[in-house]
Enquirer: 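Here it is: the structure, laid out below.
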Amino acid sequence: MLSLSGGLDSSALSALAVDYYNRTGQGQVSTYSVDYVDNAKHFQAHSFQPGADGPWIKRMVDELKTDHHWIEIENGELVHALTQAMLVRDLPGMADVDSSLYLFCKEIKKGATVAISGEAADEVFGGYPWFHREDMLNSGTFPWSVAPDMRAALLSPDIREWIRPLDYLADRYSDAVAEVPLLDGETGKAAQMRVMSYLNITRFMPTLLDRKDRMSMGAGLEVRVPYCDHRLIQYVFNIPWEMKITGGREKGILRKALEGVLPDDVLYRKKSPYPKTHNPQYLAAVKQQVLDILDDPTSPILPLIDKTQIRNLASSPDAASNLPGSDS
């Protein structure tokens with residue numbers, strides 16, 4: 001069974017699996033996709049998700065003739081699963097991205113015990129916007145650590161003073177950059193891109209793999225990630241950056257390698273990440289949950305947070321645009 005989003009990475013794995021099944025007479029490959037009820041009505045394109053996945057999933061299902069399962073998550077169950085996803089994760093995570101993955105894995109588990117996912121191709125081949133945007137390349141910190149000042153301000157003053165989160169972030173970034181195995185004489189753009197690749201493989205990728213492993217195992221599902229094969233990672237890490245962006249595109253060398261395997265429109269489609277809900281009812285429900293927690297004097301989180309800051313944020317009609325990373 002394969003997770004199929006209609007993007008480059010999952011479509012490639014699905015196409016290769018279908019080819020193998022056809023050659024070995026093993027029947028039909030099962031694929032699964034996830035979306036949210038009425039999500040198309042509320043979808044808003046941005047740099048990380050320039051288009052909806054639905055039409056592209058159908059394109060690949062029609063192309064590959066897979067036994068496809070369309071999983072749609074209701075807004076209510078997505079909100080309800082936030083608590084269980086946090087328990088499964090065992091630490092604060094990625095909100096609806098966690099709970100939806102947990103629910104998705106529960107649905108897949110009904111028909112399979114092992115699944116294949118296209119996770120990590122963006123870290124290995126350089127697919128994220130921060131590989132290609134100068135402001136992110138030169139941010140002086142982990143480019144996915146959006147709005148650290150605002151995030152730190154959500155902690156109580158005592159906790160901020162104790163753990164000094166911004167200092168911690170700066171120290172961990174400095175440690176990571178110091179680890180990068182630059183080649184002798186490697187400078188300029190080549191060195192910059194090696195640093196970015198190293199940060200993604202050693203810092204960002206483990207976070208996503210941990211999330212994937214905990215959410216899937218919480219549902220009793222085993223997920224395999226072929227793009228994380230250590231031989232592939234070691235090889236691609238040492239491909240010069242100008243070759244990785246063959247054709248002037250993110251993941252250009254992967255696209256070149258898959259010519260003839262995927263239809264050209266799918267092959268050169270702009271990348272799209274794991275889908276998030278765009279339904280405003282989700283945000284309204286989560287804001288109410290936050291306010292309920294703040295109004296409960298027995299809540300164990302209260303000493304850790306700046307209650308005024310969070311209440312103002314949750315009460316604001318523009319809360320979505322004020323959240324860290326809301327445009328990514």
Side-chain angles (χ1 to χ4, degrees), residues 2-17 47-50 53 60 94 97 101 115-133 136-137 139 142-145 173 176-177 179-183 186 189-216 222-262 266-275 328:
L2 291 102
S3 174
L4 176 62
S5 69
L8 174 68
D9 310 326
S10 65
S11 295
L13 295 179
S14 298
L16 294 172
S47 61
F48 271 63
Q49 192 160 5
D53 287 331
M60 285 307 302
M94 301 179 184
V97 179
L101 179 58
I116 295 175
S117 168
E119 196 89 65
D122 287 303
E123 290 87 346
V124 176
F125 288 94
Y128 291 119
W130 50 67
F131 279 93
H132 308 279
R133 284 174 43 178
M136 292 180 135
L137 284 167
S139 65
F142 302 107
W144 52 86
S145 296
Y173 178 72
V177 171
E179 292 174 12
V180 180
L182 294 173
L183 299 179
E186 191 169 39
K189 187 67 173 180
Q192 182 184 47
M193 299 317 299
R194 188 176 293 276
V195 168
M196 183 58 71
S197 294
Y198 186 85
L199 295 180
N200 276 265
I201 291 169
T202 64
R203 298 319 195 266
F204 193 63
M205 188 167 76
T207 301
L208 297 188
L209 293 178
D210 178 78
R211 161 184 165 263
K212 176 79 74 170
D213 191 48
R214 290 175 185 259
M215 294 302 107
S216 60
E222 300 264 359
V223 176
R224 302 290 181 258
V225 280
Y227 290 108
C228 289
D229 186 295
H230 68 94
R231 295 161 296 187
L232 179 65
I233 292 175
Q234 289 169 350
Y235 183 82
V236 176
F237 181 69
N238 287 298
I239 295 175
W241 178 249
E242 60 269 19
M243 292 179 64
K244 286 184 186 177
I245 55 170
T246 294
R249 286 294 307 274
E250 73 283 359
K251 295 191 287 191
I253 197 165
L254 179 60
R255 297 178 197 275
K256 187 70 175 176
L258 292 169
E259 287 182 353
V261 176
L262 294 177
V266 175
L267 188 62
Y268 290 101
R269 176 194 171 196
K270 187 74 173 174
K271 95 159 242 83
S272 189
Y274 180 85
S328 60

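Just so it is clear, the structure is predicted and the values come from calculations on it, not from any experiment. Side chains included, hydrogens not; waters and symmetry mates left out as well; all remaining heavy atoms used.
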Enquirer: Tell me, do Glu119 and Ser3 make a side-chain contact under 4.5 Å, heavy atoms counted?
Expert: no
Enquirer: List the atom of Leu16, the atom of Val261, and the distance in Å for their closest heavy-atom pair.
Expert: CD2-CG1, 4.2 Å
Enquirer: Any chance you could measure Glu222, atom CD, to Ile116, atom CD1, to the nearest 0.5 Å?
Expert: 12.5 Å
Enquirer: Taking the side chain as everything from C-beta on, heavy atoms only, tell me whether Phe125 gets closer than 4.5 Å to Ile239.
Expert: no
Enquirer: Distance check, rounded to the nearest 0.5 Å: Phe237 atom CZ versus Arg194 atom CZ?
Expert: 5.0 Å
Enquirer: If we only count heavy atoms from C-beta on, is the Leu137 to Pro143 side-chain gap below 4.5 Å?
Expert: no
Enquirer: Assess, by modelled atom type and distance only, whether the side chains of Tyr128 and Glu250 contain a donor and an acceptor separated by less than 3.5 Å.
Expert: no
Enquirer: Evaluate the side-chain proximity of Arg269 to Leu8: yes if any heavy-atom separation is below 4.5 Å, no if none is.
Expert: no
Enquirer: How far apart are the closest heavy atoms of Leu262 and Ala15, and which atoms are they?
Expert: CD2-CB, 3.8 Å
Enquirer: Give, for atom OH of Tyr227 and atom OG of Ser10, the distance between the pair rounded to the nearest 0.5 Å.
Expert: 8.0 Å
Enquirer: Using every non-hydrogen atom in the two residues, find where Ser216 and Val223 come nearest and quote the distance to one decimal.
Expert: CB-CG2, 3.5 Å
Enquirer: Side chains of Met94 and Leu101: closer than 4.5 Å at any heavy-atom pair?
Expert: no
Enquirer: Just wondering, are more than 12 heavy atoms of other shown residues or ligands nearer than 6.0 Å to OH in Tyr235?
Expert: no
Enquirer: Should Asp122 and Phe131 be marked as a side chain to side chain contact (heavy atoms under 4.5 Å, CB included) after you check the CA-CA gap, both sets of side-chain angles, and the distance that decides it?
Expert: CA-CA 10 Å; Asp122 287 303; Phe131 279 93; over 6 Å; no
Enquirer: So which heavy atom on Val266 is nearest to which on Gly6, and how close?
Expert: CG1-O, 3.9 Å
Enquirer: Could you tell me which non-hydrogen atom of Ser117 sits nearest to which non-hydrogen atom of Pro226, and how far apart they are?
Expert: O-CD, 3.4 Å
Enquirer: To the nearest 0.5 Å, what is the distance between CE on Met243 and CG on Asn238?
Expert: 11.5 Å
Enquirer: Are the side chains of Leu199 and Phe204 in contact, using a 4.5 Å heavy-atom criterion?
Expert: no
Enquirer: Evaluate the side-chain proximity of Asn200 to Trp130: yes if any heavy-atom separation is below 4.5 Å, no if none is.
Expert: yes
Enquirer: Drop me the distance from Leu258's CG to Ile253's CD1, to the nearest 0.5 angstrom.
Expert: 11.0 Å
Enquirer: Could you tell me whether the side chain of His132 and the main chain of Gly126 form a donor-acceptor pair under 3.5 Å?
Expert: yes
Enquirer: Hey, what do you get for CG (Leu182) to OH (Tyr198), rounding to the nearest 0.5 Å?
Expert: 10.5 Å
Enquirer: Looking at Lys256, I want to see if its NZ is surrounded by more than 12 non-hydrogen atoms of other residues, nucleotides or ligands under 6.0 Å.
Expert: no
Enquirer: If you compare all heavy atoms of Phe142 against all heavy atoms of Arg203, which two are closest, and at what distance to 0.1 Å?
Expert: CE2-CG, 3.8 Å
Enquirer: Without swapping roles, check the side chain of Lys244 against the backbone of Val236 for a donor-acceptor pair under 3.5 Å.
Expert: yes
